[in-house]
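Every heavy atom of this structure was used, including side-chain atoms; hydrogens, water molecules and symmetry mates were not.
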Amino acid sequence: MMLPVRCYTCGRPLWPEMEEFRKRVEAGEDPGKVLDDLGIRRYCCRRTMLAAVDISKEIIKFSTRVHRW
Amino acid sequence: MPIQILEESPRRIKLLAKGYPLAVLNAIRRASFELVPKMAVDFIAVDRNDSTLFNEVLAHRLAMIPLTSEEALERYAPPEACGDCTPEEAEAEKCSHEGKPCYVRLFLDASADGKQVIVYSGDLKTEDPDVRPAVDAIPVVPLIGEQRVKVTAYARLGRGREHAKWMPATVAVVMPILKGVSVKETLCGAECQKECAEKCPEALKMEGGKLELKEGTTLSMLMYCIEYVCEGKGIRPVFEEDQYVLEVETDGSLSARRTLVEAARAVAEKLNALKTHLQSAEG
């Protein structure tokens, strides 16, 4: 549910590029061009970056109660 | 036998090796995945975890963070000495190796303080400044409200064959160098070659009545053309003899150069072990 730390296939750490990628795509840039710009060349890493959806920010709102295990 | 460096940056190295057998280069390539040790979190002790992530998920995310290991390779005990050793046993000094410790501790203590925050890998406090997250911007866990996470992570040296978190290399490839194409005239005459070049302008061209390789094309493009477009017509790629490109890219825990050096050392150690084993079997 959180964004992946590494590319699922090759293991390349996707940060800090992921942060800039998401910022720029949300600002309306073409995702493919942003990936080229950031130097993400392999299609496994490009797939992981493109397809990752962060739902932790939505889910976390339902967990404001403090759990004690 | 000359080795030429084509490209080098801390995380990436590309070599042109002339005169080395493919088997040797492939052994080094595989060793850079499997046998080069690096640091990664192996155990976590959870004091408090109020977050939405389970302890196991937290452990996994912490383990995925690349930790700098250049200096740690000499200063910490090798994977063989620490593989079966828990942090408790290490603290009781049951498993140190030549006076070197097994584990390095990293501490994570973060709370949201009424806000919605994300804890980053940069928030990890390390016991040993030589072993720290190589990237500070990796999000580890989201927190909200009064939630708090307090974790002690134990990192040790390990090898890629044990778990992928100990693989320093993300890419290690040995590539032959494409020189041209050979055509069997009996299977593919002038007409057929022309047709092939027309169907596959990305990889092939006609020059002086002969099928030639187009400049700047790749082996995968050529093989696609050979296998799917000009199928079964006796066209084969031709490679430079005894020349290979070895390319290694790392995740930032070790430099690419260091990874290659350690991989070569690991292969040499294995060969030495085989040699002594054979000699003792003979005698």
Do you know the tightest heavy-atom contact between A/C7 and A/R47? SG-NH2, 4.3 Å
Shortest non-hydrogen contact from B/L67 to B/A155? CD1-CB, 3.7 Å
Do B/C225 and B/C200 have their SG atoms under 2.5 angstrom apart? yes
Whatever's closer than 4.5 Å to a heavy atom in chain A on B/V140 counts as backbone
When B/P142, B/G252, B/A112, B/S121 are compared by non-hydrogen pairs under 4.5 Å with chain A, the top option: B/P142
Run through B/N26, B/L15, B/L16, B/V173 and flag the one making a side chain to side chain contact (heavy atoms under 4.5 Å, CB included) with B/L246. B/L15
Side chain, backbone, both or neither: which part of B/F33 has a non-hydrogen atom closer than 4.5 Å to chain A? neither
Whatever's closer than 4.5 Å to a heavy atom in chain A on B/L143 counts as backbone
What part of A/R6 gets within 4.5 angstrom of chain B, counting heavy atoms only: side chain, backbone, both, or neither? side chain
Between the side chains of B/R105 and B/D128, is the shortest nitrogen-to-carboxylate-oxygen separation below 4.0 Å, so that they form an ion pair? no
Is chain B contacted by the side chain of A/L3, its backbone, both, or neither, given a heavy-atom distance below 4.5 Å? backbone
What's the separation between atom CD1 in B/I118 and atom CD1 in B/I138, rounded to the nearest 0.5 Å? 13.0 Å
Which atoms of B/V46 are under 4.5 Å from chain A, going by heavy atoms: the side chain, the backbone, both sets, or neither? neither
